[in-house]
Amino acid sequence: MQRFTYTDYAREVIFGPGAVARLGEAAGRHGWRRLLLCTTGSQRRGGQVAAVAAALGDRLVAVYDRTRAHVPAEQVAAALDLADGQGVDAIVGLGGGSAIGLAKAVGLALEERRAGRPARAKGPTDQPLVPIVAIPTTYAGSEMTPTYGVTRPGEGGGPPRKVTVTDPKVAPKLVVYDPELTLALPPDLTGTTAVNALAHCFEALYSTARNPLSTAAALGGLRARASALPRAHAAGDDLAARTELLAGAHLAGAALASVAMGLHHGLCHVLGGSAGVPHGVANTIVLPHALRFNLDATAAQLAPAAGALGIAPAGPNEVAAAAAAVDWTAALIARLGLPRRLRDYGVPEADLPRLARLAAESGAVRANPKPATAADVEAILRSAW
Ligand code: NAD
């Protein structure tokens with residue numbers, strides 16, 4: 001077995017249909033009295049904001065409901081002013097990875113403003129001044145991780161760039177998973193954000209930083225996804241499928257939390273921050289191509305995925321089993337009618353070399369188990385275009 005080291009996080013997780021009703025009681029136990037809610041207009045329209053407000057009562061002192069995809073820096077500044085003005089002591093992210101990412105960014109920025117010095121953790125067990133609560137309504141997995149991305153304007157009028165921050169202080173202290181909050185997630189977002197979670201499982205399996213816990217969680221996440229995703233995609237109101245899928249997302253997020261991601265994620269972040277492709281869409285388009293590129297170097301780690309997905313391996317060896325898992329993923333994406341080509345999402349072909357160069361500079365591409373040059377990354381982008 002290879003050596004391993006990872007950081008774990010002290011947190012409370014509450015999972016199950018109706019779980020959001022327990023939020024007020026949990027906030028009381030944690031001693032939080034003034035909470036800011038970061039969310040989106042669609043959560044307000046869908047009734048999720050009302051459910052959180054009912055649970056928190058007068059502990060909820062402010063709502064920022066304009067979160068946009070990829071967390072633009074000016075939204076962090078606006079929500080920070082709101083949080084500061086209201087004297088909040090904890091921040092709730094309700095929604096997909098964007099709303100939860102905004103909550104994390106504001107938490108760290110508020111600590112910095114109050115303390116008057118950099119808030120970044122000095123060690124892996126440092127605790128935050130302003131804890132984060134996450135209530136996910138997609139399957140993206142941000143609720144379990146110490147990471148967020150903020151999109152900043154490009155230097156000298158250049159294209160915007162998404163900057164990723166990893167800090168143990170932003171790992172949520174309370175995570176509430178309520179599958180009932182996901183019943184209205186439309187089929188396209190159900191599919192693409194669940195493929196994002198699939199990607200977390202695959203990249204965790206072959207991560208250069210993998211450990212026994214991340215591997216077990218990744219295989220569990222794949223197992224949950226195999227049958228629940230098609231069912232939840234076909235019938236959004238299937239609570240049993242939604243519950244299974246959300247439990248799988250929890251496992252995928254847990255796997256993601258303690259490992260470094262690879263080339264696939266590096267590419268998706270650049271496609272999101274610099275080309276405006278929604279994160280789940282980028283994941284769905286890129287995943288089969290990135291997995292195929294990595295296949296020869298990662299077959300031993302990917303092979304168990306075939307068993308977890310319930311596929312009879314195409315052959316007796318690891319390469320055949322790993323290839324079967326990758327083919328299964330590509331076939332599922334096609335069968336559900338999910339996005340498959342970057343050209344359909346406004347990415348100009350002429351922009352591929354620039355995007356490839358940006359991705360090749362990312363820490364995730366550099367942490368890929370198989371070395372990848374800018375030319376390799378460009379070839380992957382071309383195959384996905
Ligand atoms: P998102 O948060 O951008 O949401 C996409 C859309 O779905 C939004 O319009 C939102 O309002 C809508 N939505 C969310 N839940 C809904 C529901 N239940 N019903 C109806 N509509 C709903 O998308 P996402 O894919 O969840 O998150 C992507 C973002 O999260 C990216 O910025 C990505 O980088 C980040 N992310 C971070 C991590 C991490 O570890 N930090 C992990 C995964 C994703």
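We count ligands from 1, going down the list as the structure has it; atoms in each ligand are counted the same way. Atom set for the values below is all heavy atoms of this structure, side chains included, hydrogens, waters and symmetry mates excluded.
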Who are the salt bridge (Lys or Arg N to Asp or Glu O under 4.0 Å) partners of E244, not counting sequence neighbours?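 Result, salt bridge (Lys or Arg N to Asp or Glu O under 4.0 Å) vs E244: R231.
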Once you round to the nearest 0.5 Å, how far does CZ of R68 lie from CZ of R66?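 The CZ atom of R68 sits 10.0 Å away from the CZ atom of R66.
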Show which residues join I100 in its hydrophobic cluster (side-chain heavy-atom contacts under 4.5 Å, direct or indirect), or state none.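 None; I100 is a cluster of one.
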State whether the side chain of T329 and the backbone N or O of A325 hold a donor-acceptor pair below 3.5 Å, judged by distance alone.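 Yes, T329 side chain to A325 backbone: donor-acceptor pair under 3.5 Å.
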If we ignore hydrogens and angles and just use 3.5 Å, is the side chain of N283 paired with the main-chain N or O of G280 as donor and acceptor?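 Checking the backbone N and O of G280 against the side chain of N283, no donor-acceptor pair under 3.5 Å is found.
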Ligand 1: which residues have a non-hydrogen atom closer than 4.0 Å?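 Heavy-atom contacts below 4.0 Å: T40, S42, Q43, Q48, H70, G96, G97, S98, K104, T137, T138, A140, S142, T145, T147, K162, L181, A184, L185, P186, L189, T193, N196, H200, L256, H269, H279.
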Side-chain polar contacts of residues 13-26 - donor-acceptor pairs under 3.5 angstrom, sequence neighbours left out - could you list them?
| unit_1 | atom_1 | unit_2 | atom_2 | d |
| --- | --- | --- | --- | --- |
| E25 | OE2 | R29 | NE | 2.5 |
| E25 | OE2 | R29 | NH2 | 3.2 |

